[in-house]
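Below: the structure, in C-alpha cells.
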Amino acid sequence: SAYVSMQGVGHRYDPRPGAPMAVQDIDLDIHRHEFVAVVGPSGCGKSTLLRMVSGLLIPSHGEVSVFNRRVTEPRDDVGIVFQKANLLPWLTVRKNVLFPLKHKYGHYTQEDEKRTDELLKMAGLTQFADKMPDELSGGMQQRVGIVRALLLNPDILLMDEPFSALDALTREQIGFDLLKIWEENPKTVLFITHSISEAVLLSDRILVMSKRPGTVLDLIEVDLPRP
Ligand code: ADP
Ligand code: ADP
C-alpha cells in the first residue's frame, strides 16, 4: 500500500476568496523506499508539495497521510536537503554532520561517530572529515548536507534542487555516488530538480507538474537500467 498518500490536495496561501490556488487536485501515492523526482516550471508548486509532505505546511484542501496517518504537524522523521548546505562555518565537516544529533539529544554516541565516518566514506568525504566547510567546494558541501540529513536516519528524504548550484560534471559525479548510498540506505525520496537527466538517473518515477493550475500532469515510470 502507499506510504505517502495525497488525496484531493490543494493549497491556497492567500485565504481571501478568489485568491489563486498554489496547487490543486493532487492525488498521489508514493511507495516506501520509492525515489520520486519532481519536475515542472518555476512556480508550479514543487516546493509546496514537499512542504506538505514534511508537515511544515498543512494544505487548505484535501488530506496528506504518511503510513496511513494524517499529517497534521511538522514531522521529525523527515530529512530535508536544500539548494545550499548551510554548514556551520566554525565546525569541522564531521562536527557539522553530528550537529543535528547533538542538538536533538544533547549528545552523540561512539556508534553515531562510527556511522558518521561510514556515511562520509560512502560520499567520498573521508579526507575532508576534519576540514572546515570553507575548505570544501560547493559540491563537497552539498554532499556533507546530504550525509547530515541521512545520519538522523529519516524515513523520508525531501530534496529541493540540491544540486542546482553545481556544474554539470559535479552533478553527475554526485548522482553516481548517491546511487551507491541509496543502495545501502534505502529511503522514500522526493527530489525536486530542473534536470531531466538527473531525474532519469536517480528516480523510479518522475512526477511532472504543470504551472497552470498547479496540478500533476503525469507520473512516469523510469524503466532504464541503472549503471
Ligand atoms: P523556488 O521557485 O525555487 O521554489 P521561489 O523563489 O519561488 O523559490 O520562492 C522562494 C521563497 O519565497 C519560498 O520560501 C517561497 O515559499 C516564498 N514565496 C514564493 N512566492 C511567494 C509569494 N507570492 N508570497 C510569499 N512568499 C513567497
Ligand atoms: P515551485 O517550487 O515549483 O517553484 P512553489 O511551490 O514555490 O513552486 O510555488 C507555487 C506557487 O505558490 C507560486 O505561485 C508561488 O508564488 C506561491 N507561493 C509559494 N510560497 C508562497 C508563500 N509562502 N506565500 C504565498 N505564496 C506562495
Side-chain angles (χ1 to χ4, degrees), residues 2-30 34-66 70-86 138 141-142 145-146 148-149 154 156-168 171 174-175 178 187-222:
Y3 185 60
V4 177
S5 173
M6 295 193 171
Q7 275 164 2
V9 168
H11 188 70
R12 175 184 276 145
Y13 284 99
D14 182 343
R16 285 172 293 190
M21 303 283 286
V23 296
Q24 65 182 25
D25 299 330
I26 295 189
D27 296 303
L28 181 62
D29 282 345
I30 297 169
E34 191 169 30
F35 194 123
V36 176
V38 184
V39 303
S42 186
C44 70
K46 303 181 293 296
S47 303
T48 299
L49 189 82
L50 257 61
R51 267 178 235 143
M52 295 190 302
V53 173
S54 69
L56 291 172
L57 176 71
I58 307 302
S60 54
H61 299 68
E63 196 166 305
V64 180
S65 46
V66 175
R70 186 166 185 177
V71 177
T72 56
E73 57 184 70
R75 303 180 63 85
D76 66 2
D77 59 350
V78 169
I80 309 184
V81 178
F82 295 104
Q83 197 170 340
K84 286 194 66 186
N86 292 320
Q141 292 188 25
Q142 275 310 86
I146 292 168
R148 180 180 55 190
I156 305 177
L157 192 63
L158 304 175
M159 299 198 278
D160 196 341
E161 297 187 44
F163 311 134
S164 57
L166 308 178
D167 63 84
R171 298 169 76 120
I174 290 191
L178 278 184
K187 301 276 169 225
T188 309
V189 183
L190 271 169
F191 173 75
I192 298 179
T193 179
H194 277 123
S195 160
I196 292 287
S197 60
E198 219 164 69
V200 169
L201 172 70
L202 292 169
S203 69
D204 303 308
R205 286 197 291 172
I206 301 176
L207 180 76
V208 186
M209 294 184 71
S210 70
K211 176 143 190 152
R212 232 164 271 192
T215 51
V216 171
L217 267 186
D218 208 347
L219 200 53
I220 304 165
E221 295 283 338
V222 179

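Computed from heavy atoms alone, side chains included, the values below leave out hydrogens, waters and symmetry copies. Order of listing sets the numbers, starting from 1, for every ligand and every atom in it.
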Backbone of [Y] reached by a side-chain donor or acceptor of [X] within 3.5 Å:
| X | Y | result |
| --- | --- | --- |
| Ser5 | Ala2 | no |
| Arg12 | Ala19 | yes |
| Lys46 | Pro41 | yes |

State which residue, out of Leu219, Val4, Val64, fulfils the side-chain contact (heavy atoms from CB on, under 4.5 Å) condition with Leu28.
Leu219

At less than 4.0 angstrom from any non-hydrogen atom of Ala22, what atoms of ligand 2 do you find?
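Matching atoms, with element in brackets: 11 (C), 12 (O).
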
Within a distance under 4.0 Å of any heavy atom of Thr48, pick out the atoms of ligand 2 and give their elements.
5 (P), 6 (O), 9 (O), 10 (C)

Contact partition for Arg51 relative to ligand 2, non-hydrogen atoms under 4.0 Å:
side chain

Below 3.5 angstrom, do we get any N/O pair linking Cys44 and ligand 2?
yes

Does ligand 2 have an atom that lies less than 4.0 angstrom from a heavy atom of Gly40?
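False for this residue.
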
Going through the checks in order, is the side-chain contact (heavy atoms from CB on, under 4.5 Å) test met by Ile156 and Tyr3?
CA-CA 10 Å; Ile156 305 177; Tyr3 185 60; 3.7 Å; yes

